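Take a look at the structure set out below.
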Amino acid sequence: VPTGNFGDIYAGYVAMKMGLPIEHLVVATNQNDILARTFNTGVYGLEAVVPTTSPSMDIQISSNFERLLFDAYGRDPAKVRNAMESLKQSGNFTVEADALSRMKGFMSAQRASEDEVKAKIRSTYQKAHMLVDPHTAVGLVAAEKTGALHSPLVTLATAHPAKFPDAVKAASGIHPALPAHMADLFERDERITQIANDAGAVAAFMKKEIA
């Protein structure tokens, strides 16, 4: 699962807890790899964010990761608060060994560099005649690095390649077209509704529109 703020992968974890037959979850990160480093070393440590072609994953504080920590720490909120306070004060914290072991029982993480992402976009098009966006390519790289599991390995495609046309074209030589239902998007009339800077006015507009 291409992962920045940990929302998609945490949703998969919740689905697994609810009974969806998932053998294992793989956190796929780009070169801003705080989550991969955490799973591999046990240390959640902040580093400088480097801009990449998968900007939704250029994150150092993955807020939804706290939710997984809560379960891994036996649903003890004090331990999570202590970890977050350490992160605020010193820029890092170490996941307790038992908690890390529990997480690694059903989840692992892999990292994809910018060069690997670009190569994966290109090779996916060459082999499958399918264009993928950089975030999806991160997931494909991570899947390849994970290797064989007992179950089929599924990679989530989290964005359309047309959302990142420059990166996709640089990697594949192909400019990704908009989906058919959006092909005339830039020729359509633009509609604007001005609303007062007031929460009540916004709420009233929303109620009117969805009625």
Side-chain angles (χ1 to χ4, degrees), residues 1-50 52 54 56-117 120 134-158:
V1 182
T3 306
N5 208 30
F6 212 77
D8 281 358
I9 194 85
Y10 185 78
Y13 164 71
V14 171
M16 181 176 69
K17 296 285 283 185
M18 294 174 68
L20 189 66
I22 297 173
E23 177 190 350
H24 192 76
L25 291 161
V26 181
V27 176
T29 72
N30 62 17
Q31 62 189 43
N32 293 297
D33 58 351
I34 186 168
L35 292 168
R37 286 185 279 112
T38 301
F39 274 89
N40 293 331
T41 70
V43 177
Y44 191 101
L46 303 181
E47 294 184 357
V49 173
V50 179
T52 71
S54 47
S56 297
M57 303 164 72
D58 293 345
I59 291 173
Q60 284 295 289
I61 300 179
S62 303
S63 59
N64 291 294
F65 186 62
E66 292 178 48
R67 295 175 172 176
L68 182 65
L69 277 181
F70 180 62
D71 269 8
Y73 278 138
R75 306 184 72 80
D76 184 342
K79 289 186 175 183
V80 178
R81 280 197 297 269
N82 289 340
M84 293 301 107
E85 189 62 29
S86 177
L87 182 67
K88 184 186 299 184
Q89 292 182 359
S90 60
N92 67 79
F93 65 85
T94 299
V95 181
E96 291 182 2
D98 288 349
L100 183 63
S101 178
R102 279 192 285 273
M103 291 192 297
K104 292 175 77 169
F106 57 83
M107 189 178 288
S108 60
Q110 298 288 349
R111 174 190 191 274
S113 69
E114 279 291 272
D115 287 342
E116 289 173 320
V117 169
K120 182 56 66 177
H135 302 75
T136 303
V138 169
L140 291 170
V141 171
E144 193 171 68
K145 289 184 176 182
T146 298
L149 297 172
H150 295 102
S151 305
L153 187 56
V154 177
T155 301
L156 296 191
T158 52

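In what follows, every heavy atom counts, from backbone to side chain, and hydrogens, waters and symmetry copies are set aside. The shown structure was predicted, so the numbers you read here are calculated from the model rather than taken from an experiment.
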Review point. With a cut-off of 6.0 Å (strictly less than), are more than 12 heavy atoms of other residues, nucleotides or ligands near CD of E144?
Key: no

**Study point:** Donor-acceptor pair, side chain of D58 and main chain of T52, under 3.5 angstrom
**Key:** yes

Point to revise | Under the salt bridge (Lys or Arg N to Asp or Glu O under 4.0 Å) test, residues paired with E23 that sit two or more places apart | key: none

Practice item. Check whether any side-chain N or O of S113 sits under 3.5 Å from a backbone N or O of Q31 as a donor-acceptor pair, and report yes or no. Key: no

Review point. side-chain contact (heavy atoms from CB on, under 4.5 Å) between R111 and N40: does it pass, once the steps are laid out?
Key: CA-CA 11 Å; R111 174 190 191 274; N40 293 331; over 6 Å; no

Point to revise | Rounded distance [0.5 Å steps], CE in M103 versus OG in S108 | key: 12.0 Å

**Study point:** Residue pair G139 / A28: nearest heavy atoms and the distance that separates them
**Key:** CA-CB, 3.8 Å

Practice item. Start with the C-alpha distance between V50 and E114, add both sets of side-chain angles, then the distance that settles side-chain contact (heavy atoms from CB on, under 4.5 Å), and finish with yes or no. Key: CA-CA 11 Å; V50 179; E114 279 291 272; over 6 Å; no

Review point. Distance-only, no hydrogens or angles: does the N64 side chain make a donor-acceptor pair with backbone N or O of S62 under 3.5 Å?
Key: no

Check your understanding: Which distance, rounded to the nearest 0.5 Å, do you find between the CG of D33 and the OG1 of T38?
Key -> 9.0 Å

**Study point:** N32 and I59, any side-chain heavy atoms less than 4.5 Å apart
**Key:** no

Review point. Which atom pair, heavy atoms only, marks the closest approach of A83 to F93?
Key: O-CD2, 3.3 Å

Revision key, fill the gap. When every non-hydrogen atom of A142 is compared with those of V26, the smallest separation belongs to CB-CG1, 4.4 Å

Point to revise | Separation between CZ of F39 and CE of M107, rounded to the nearest 0.5 Å | key: 5.0 Å

**Study point:** Minimum heavy-atom distance T155-L140, with the two atoms named
**Key:** CG2-N, 3.6 Å

**Study point:** Minimum heavy-atom distance Y44-I34, with the two atoms named
**Key:** CE2-CD1, 3.3 Å

Revision key, fill the gap. In this structure, NZ of K17 is separated from CD1 of I22 (nearest 0.5 Å) by 12.5 Å

Review point. At what distance, to the nearest 0.5 angstrom, does CG of D76 lie from CZ of F70?
Key: 8.0 Å

Practice item. Locate the shortest heavy-atom distance separating V141 from K120; write the atom from each residue and the value. Key: CG2-CB, 3.7 Å

Revision key, fill the gap. Separation between CE (M16) and OH (Y10), nearest 0.5 Å, reads 10.5 Å

Practice item. Answer yes or no: does atom CZ of R67 have more than 12 heavy-atom neighbours from other residues, nucleotides or ligands under 6.0 Å? Key: no

Review point. Relative to the ring of F106, is the ring of Y13 parallel (under 30°), tilted (30 to 60°) or perpendicular (over 60°)?
Key: parallel

Review point. Do the non-hydrogen side-chain atoms of T3 and L35 ever get within less than 4.5 Å of each other?
Key: yes

**Study point:** For L156, all residues meeting side chain to side chain contact (heavy atoms under 4.5 Å, CB included), sequence neighbours excluded
**Key:** V1, P2, T158

